[in-house]
Protein chains: 2
Amino acid sequence: MSEKKPTRSELKRQAIIDAAKQAFQELGVQGTSMDELAARAQVSKRTVYNHFASKEALVMFLIGELWQQATQSSGCDYHPGSDLHAQLCALLELEIKTICNPQYIELNRMAFDYFFHQPEALRQEMEKYKAHETGVQRWIKAAVADGRLKPLDPEIASGQIHNLIKGSCFWPQMLQLSGPPSPTEQVALAERTAGIFLSHYQA
Amino acid sequence: MSEKKPTRSELKRQAIIDAAKQAFQELGVQGTSMDELAARAQVSKRTVYNHFASKEALVMFLIGELWQQATQSSGCDYHPGSDLHAQLCALLELEIKTICNPQYIELNRMAFDYFFHQPEALRQEMEKYKAHETGVQRWIKAAVADGRLKPLDPEIASGQIHNLIKGSCFWPQMLQLSGPPSPTEQVALAERTAGIFLSHYQA
DNA sequence: AATAAACTGCACTGCATAGTTTACTTGGTG
DNA sequence: CACCAAGTAAACTATGCAGTGCAGTTTATT
């Protein structure tokens with residue numbers, strides 16, 4: 001019902017986008033020529049340029065998609081009645097699962113690659129992003145307000161949690177030093193992160 | 001006395017190395033042409049190639065220097081008598097100071113840049129490096145053996161510490177999202193890292 | 001001064017890539 | 001069916017870079 005007719009043009013466009021994601025992730029942005037890209041998309045190079053004015057425009061489009069997708073992740077809300085540890089674990093497992101989605105890693109690698117030598121542009125993008133790193137933060141604030149965590153700086157505290165998680169499963173994947181952790185490992189990571197956090201901050 | 005006569009050749013070589021460090025860090029490895037490099041070193045391009053067989057050889061040489069330098073950092077030893085928190089803080093401050101050395105960051109950025117699309121080569125280099133991430137680890141093992149920390153997996157525990165530290169002051173610098181933290185901030189980071197760690201693990 | 005080793009400048013090869021032009025084909029809609 | 005927006009292939013421009021060859025110059029050593 002909702003999906004009626006992808007135009008021929010739209011099909012081509014999507015093919016370009018898919019091929020770009022795949023190629024950029026596999027060979028890097030620099031390492032992928034527009035000829036290679038067109039070949040992968042099974043599309044004439046001219047068609048690529050009909051859809052995207054330049055390689056840079058393509059990259060920026062993909063990165064835009066990434067941010068958008070990344071910022072619509074929902075978290076669980078704080079629940080006054082139930083066990084803190086269990087709640088936090090559930091929340092962290094969600095965040096970990098998001099991070100471990102191969103798509104997420106691949107696009108982040110691409111963005112990373114692109115922005116590594118453009119710190120100014122990166123900083124600007126991060127501004128937009130900043131508003132939304134708040135899943136864990138909201139939970140922490142709520143728990144503090146409820147008197148079940150010691151008074152703390154929510155920015156720092158949620159930063160600590162994110163550092164613990166990212167150090168274990170984001171950066172290693174980013175550098176392709178390891179693949180995504182198994183569900184078991186994901187749970188273990190959530191458990192020990194919640195553990196160390198609550199040891200310090202629980203009221 | 002110890003330094004007598006740097007040959008003309010050695011002077012040139014050093015100029016090349018210095019220029020390479022600077023240029024690679026400023027423009028990226030890819031972004032630096034051998035012509036640009038030679039110009040910066042005030043040396044003929046031919047001379048560059050007389051000292052280094054290829055661009056890649058130059059990069060690998062610089063990275064080798066980096067690992068070497070990074071792995072000769074010493075830590076403080078565990079001291080049975082004195083306060084755990086104070087000891088750990090001192091140790092962490094040292095690590096933080098090492099990480100915040102601009103030279104260290106710059107070379108890491110270069111290595112990063114180079115290895116980002118060579119995960120296999122990176123894994124190999126990491127093998128060598130692995131043996132030496134042990135400053136904190138040794139301390140933890142000693143403290144556990146002394147019965148002043150709960151039983152724990154030293155690998156995981158030291159990993160947690162490093163993740164907390166790196167997340168705050170390594171990665172942001174790596175991405176040039178922030179400059180090196182002030183000494184005050186460095187101390188604060190060491191304090192709160194030691195704090196959260198000991199809350200969980202102190203016997 | 002003679003000699004060898006290192007440095008220099010510069011032209012040149014070879015290759016890869018971003019982006020454009022052109023002349024031609026195709027597929028869907030009225 | 002006739003039309004046209006969109007796609008296509010391939011050649012083409014323009015640029016940039018790694019690495020080489022070579023003829024001549026500088027430096028240090030004997």
Query - Side-chain donor-acceptor pair present, A/Glu185, A/Ser182, cut-off under 3.5 Å - result: yes
Query raised in the report: Do B/His162 and B/Glu95 have side-chain N/O donor and acceptor atoms under 3.5 Å apart?
Result: yes
Query raised in the report: Is there a residue in residues 11-26 of chain B whose heavy atoms reach under 4.0 Å of DNA chain C, and which residues are they?
Result: B/Lys12
Query - Those residues of residues 31-50 of chain A lying under 4.0 Å from DNA chain C by at least one heavy atom - result: A/Thr32, A/Ser33, A/Met34, A/Lys45, A/Arg46, A/Tyr49
Requested in this report: Any chance you could lay out the ring pair (Phe, Tyr, Trp, His ring centres under 6.0 Å) test for A/Phe112 and B/Phe116, step after step, and finish with the verdict?
Outcome: CA-CA 10 Å; A/Phe112 205 95; B/Phe116 193 66; 5.5 Å; yes
**Report entry** Any A/Ser9 side-chain N or O less than 4.0 Å from OP1/OP2 of D/dA5
**Finding:** no
**Report entry** Basic-acidic side-chain contact under 4.0 Å: B/Glu120, B/Arg123
**Finding:** yes
Query raised in the report: Would you call A/Asp18 and A/Arg40 a salt bridge, using N to O less than 4.0 angstrom?
Result: no
Query raised in the report: A/Leu27 has an atom CG; how far is it from atom C1' of C/dT17, in whole Å?
Result: 14 Å
Query raised in the report: How close or far is atom P of C/dA18 from atom CG of A/Leu58, stated in whole angstroms?
Result: 11 Å
Report task. Report the residue (B/Val29 or A/His51) whose heavy-atom-nearest nucleotide on DNA chain D is the more 5′ of the two. Result -> A/His51
**Report entry** Cationic tip of A/Arg109 above A/Phe24 ring, under 6.0 Å, 45° of axis
**Finding:** no
Report task. Write down the atom of B/Lys55, the atom of B/Thr32, and the distance for their closest heavy-atom approach. Result -> NZ-O, 2.8 Å
Query raised in the report: Is there a side-chain contact between B/Gln87 and B/Tyr78, using heavy atoms and a 4.5 Å cut-off?
Result: yes
